[in-house]
Amino acid sequence: MTTRVRFAPSPTGLFHVGSARSALFNWLFARQQDGVFLLRIEDTDADRNREEWVDVIINSMAWLGLDVDEGPFRQSANAVQHKAAVESLYEAGVLYACGCTGDDVQARKGENKTPGYDGHCRDLNVPRSATTALRFKVPEGMTVVDDVIRGRIEFQNAVIDDFVVAKSSGAVLYNMANVVDDRVDRITHVIRGEDHISNTPKQQLIWAALSRVVGPDLPLPIYAHLPLLVDASRKKLSKRKDPVAVEFFRDQGFLPDAFVNFLSLLGWSPKGEEKVTREELISQFTLGEVNQSPAFFDVVKLTNLNGAYVRELSVEEFIAATLPWVDPSTALWSPADFQPLWPAERFDPGRYRAIAPVVQERVALLSEVPAMIDFLFLENPPIDAAAWTKAVTGDRDAIAILDAAIAAYKETEFDAQVLHEVTLAFTEQLGMKLRKVQAPIRVALTGKSVGPPLFESLVVVGRDEVLRRLSAAREVAGTTAT
RNA sequence: GGCCCUAUCGUCUAGAGGCCUAGGACAUCACCCUCUCAAGGUGGAGGCACGGGUUCGAAUCCCGUUAGGGCUACCA
């Protein structure tokens, strides 16, 4: 039998990393089993769903490279089948009408909160009306969930209340709609978050009832409940409190492959190195090996992994990937809230191409690139006060160094290797160390104390501009020197 | 409150009774390399929540305690 799995998010907010992880594990399993990965948008709650969130889900999955074999389907499009299933179950006596309001239930329960609903209308034969909901008549006995990840979980049916399956408005609720769809879609494995464990016995009960009274008699899907992703306070990742939208990570300059690799490490681990390709992920992934304890989403580790992926890119790939940050006018998309550091017309692809290889080795996030190379595209890069103070004002040799540099760079060939040697030569004449000498030159050139290697930077900026900046700095240093 | 899940370095994890004086990765510290910054290299510190069993032997199995967490809607 073909493995068929589904990812079934509800479009009620940003697509967050917990959802992404569920989607990924489903996708990995499908790919590995040579099965079918299906996307179903669970949009039955009209009050909370928004169309724009559907787009976010689809875009985020595309970014992650989780290609869908079937769908995206809309759960709402199956409303007719949901209602038909409900009617059949009602006629078979599996469901009953209940006119209790939430307040009624609360009032009767008082301090005793177990179970949620007390079964008040269960045997009252309440006639159906516009104010009655339909509840599932939970049978006696025990329901066993066989979870691939957690083993056998037993639920006494007595603690499962007669849950509502269809609202008084007629709208069919999650547990019912979800099961009907899983049956229609012939889902074989349900892989989802741990927060659904308590829904599972209810869904198994519905499934069994449907198999019995409506047919066909389908085997229960195999369940696998993934450990939750938690925040620093060990609580379930929240869309409201935590910066967890997948789009946010894309906008920070994370690479999808790195992101996917990192996600795969949360609750699971490959045999050897943690850094693994998608292909290895697919072949190595084993659902039963997923562990059971919640995992904290550590952005620092993600960042480190991302750096490794960035460094592995070819220069061409790196340039293409950074276009949204360096040359927004030619990029296919733009990060949210992105503020360009230089006017678009001053960007020079040739210069960027020349500096890219040494920049690539120095960033962990693509968004770090602009600040590292702004001196190439700004006429007068801003001078960092602290850097100036330390390297120029605070160094009484700075003027001599700048003078020597200007004199040397006037004559020499502008080649990184040659500049290195020339600089080394006057450094020795001065009786200094290169480490010391590069500082004022760097600040004069870039305005910063850190950045790409100096000699490569000099070459890209070019002799005339280098001399102009060095002279300007020399002049300011001379007038402010004490 | 009830039901359910979980418990190895700060974090993510390896570990399925002896291979564990518990391994790796990130973070951290030191040193090396070095034109800054990164990257890289070497080394260090750092953990089986606790208590009982079972066993010749337990991080691994069982029970309990404790601590976290999830669910407890006419949401999904």
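Convention: sequence-line order gives letters A, B, ...; per-chain numbering from 1.
- In this structure, the side-chain hydrogen bond (donor to acceptor under 3.5 Å, both in side chains) partners of A/Arg278, at least two apart in sequence or on a different chain, are A/Asp257.
- Rounded to whole Å, the separation between the P atoms of B/rU72 and B/rC56 comes to 48 Å.
- For A/Asn175 and B/rA76, a side-chain-to-base donor-acceptor distance below 3.5 Å is absent, hydrogens and geometry of angles not being considered.
- In this structure, A/Asp162 contributes its side chain and A/Lys137 its backbone to no donor-acceptor pair below 3.5 Å.
- Atom CG in A/Leu305 sits about 14 Å away from atom C1' in B/rG24, given to the nearest Å.
- Closest contact between the side chain of A/Glu456 and the listed nucleotides B/rC35, B/rA25, B/rA14 involves B/rC35.
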Review item, nucleotides 6-11 of chain B N/O atoms under 3.5 Å of protein N/O:
from: B/rU6; atom 1: OP1; to: A/Gln292; atom 2: OE1; distance (Å): 2.9

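- Judged as a side-chain hydrogen bond (donor to acceptor under 3.5 Å, both in side chains), and not counting sequence neighbours, A/Gln252 has no contacts.
- Sorted by first and then second residue, the pairs that involve residues 439-450 of chain A and meet salt bridge (charged side-chain N to carboxylate O under 4.0 Å, His left out), not counting sequence neighbours, are A/Asp374-A/Lys448.
- Within the nucleic acid shown, A/Asn291 comes within 4.0 Å of sugar-phosphate atoms alone, with no base atom in reach, counting heavy atoms only.
- If you take atom P in B/rU6 and the same atom in B/rA14, they sit 15 Å apart, rounded to whole Å.
- Atom pair A/Glu273:CD and B/rA14:P shows a separation of 16 Å (rounding to whole Å applied).
- Non-hydrogen atoms lying under 4.0 Å from RNA chain B are contributed by A/Thr131, A/Ala133, A/Arg135, all within residues 127-143 of chain A.
- Side-chain N/O atoms of A/Thr44 include one lying less than 4.0 angstrom from OP1 or OP2 on B/rA76.
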5' to 3', nucleotides 36-48 of chain B under a 4.0 Å protein heavy-atom cut-off (B base, S sugar-phosphate only, - none) gives BBBS---------
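- Below the 3.5 angstrom threshold, one finds a donor paired with an acceptor across the side chain of A/Ser168 and the base of B/rC74.
- Residue-to-nucleotide contacts include a donor-acceptor pair under 3.5 Å from the side chain of A/Glu274 to the base of B/rG24.
- Checking B/rA76, B/rC35, B/rC74 against every side-chain atom of A/Tyr174, the shortest atom distance belongs to B/rA76.
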